[in-house]
Amino acid sequence: AATGALAVGATVVGIMALGKKSDYDKANTGRQLTSAQDLRDQTHTLNLVNDILVGGAVVAAGVSAYLLFTRPTVGGSSEKQGSFQVVPVVANRGAGVVLSGQLF
């Protein structure tokens with residue numbers, strides 16, 4: 001769940017950074033130095049946040065993989081199996097992810 005949340009956050013912040021860079025490119029004409037500098041600073045901040053979120057997603061994925069592959073197994077036919085679903089949800093004023101699981 002953490003990996004997915006960090007990846008979604010990185011995607012959203014990355015899209016925001018691309019928008020700010022586009023605004024900066026339009027404002028960087030040499031006439032509006034203060035406005036262009038503010039947009040440049042905002043772009044750098046969003047890029048830094050994006051890098052942190054991507055790094056967190058990579059670390060979380062590594063931890064998840066390690067825990068998955070090194071988990072103890074129970075021998076015999078009494079081993080329980082399960083499944084889970086990750087479902088994206090989009091609403092009028094927001095979005096989210098629903099995780100559900102079942103053990104059988």
Side-chain angles (χ1 to χ4, degrees):
T3 304
L6 289 167
V8 169
T11 302
V12 170
V13 173
I15 291 169
M16 290 171 56
L18 289 173
K20 286 290 181 187
K21 180 170 182 338
S22 176
D23 293 344
Y24 168 71
D25 290 340
K26 290 176 187 174
N28 192 21
T29 61
R31 288 182 243 155
Q32 302 172 349
L33 296 177
T34 305
S35 175
Q37 183 64 34
D38 289 342
L39 288 169
R40 182 177 175 269
D41 292 342
Q42 291 173 9
T43 301
H44 283 291
T45 301
L46 288 172
N47 283 330
L48 177 63
V49 171
N50 186 32
D51 291 345
I52 292 168
L53 289 172
V54 168
V58 169
V59 169
V63 169
S64 296
Y66 173 77
L67 292 174
L68 176 69
F69 294 126
T70 62
R71 72 175 190 257
T73 57
V74 178
S77 62
S78 64
E79 184 175 331
K80 293 184 178 182
Q81 295 185 5
S83 67
F84 73 96
Q85 289 181 315
V86 179
V87 181
V89 178
V90 179
N92 287 340
R93 296 182 179 218
V97 177
V98 176
L99 300 174
S100 65
Q102 180 178 357
L103 192 61
F104 50 92

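Along the sequence shown, residues carry numbers from 1. Because the structure is predicted, anything quoted here is derived from the model rather than measured. The figures that follow rest on heavy atoms only: side chains count, while hydrogens, waters and symmetry mates do not.
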As an exercise, state the distance from [atom1] of [X] to [atom2] of [Y], rounded to the nearest 0.5 Å.
X: T43; Y: D25; atom1: OG1; atom2: CG; answer: 8.5 Å
X: H44; Y: L48; atom1: NE2; atom2: CG; answer: 10.5 Å
X: K21; Y: N47; atom1: NZ; atom2: CG; answer: 9.5 Å
X: R40; Y: K20; atom1: CZ; atom2: NZ; answer: 15.0 Å
X: N50; Y: L18; atom1: CG; atom2: CG; answer: 8.5 Å
X: T34; Y: Q37; atom1: OG1; atom2: CD; answer: 8.5 Å

Non-hydrogen atoms of [X] and [Y] that approach each other most closely:
X: A61; Y: T3; result: N-OG1, 3.2 Å
X: L6; Y: A57; result: CD1-N, 3.6 Å
X: A27; Y: A36; result: O-CB, 3.9 Å

Do L53 and L46 share a hydrophobic cluster, counting only Ile, Leu, Val, Met, Phe, Trp and Tyr and linking them when any side-chain heavy atoms are less than 4.5 Å apart?
->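 In one cluster: yes.
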
Same cluster (ILVMFWY, side-chain, under 4.5 Å), V12 and V49 | yes

Partner of Y66 under side chain to side chain contact (heavy atoms under 4.5 Å, CB included), chosen from V63, T70, L68 |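 Among V63, T70, L68, the one meeting side chain to side chain contact (heavy atoms under 4.5 Å, CB included) with Y66 is T70.
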
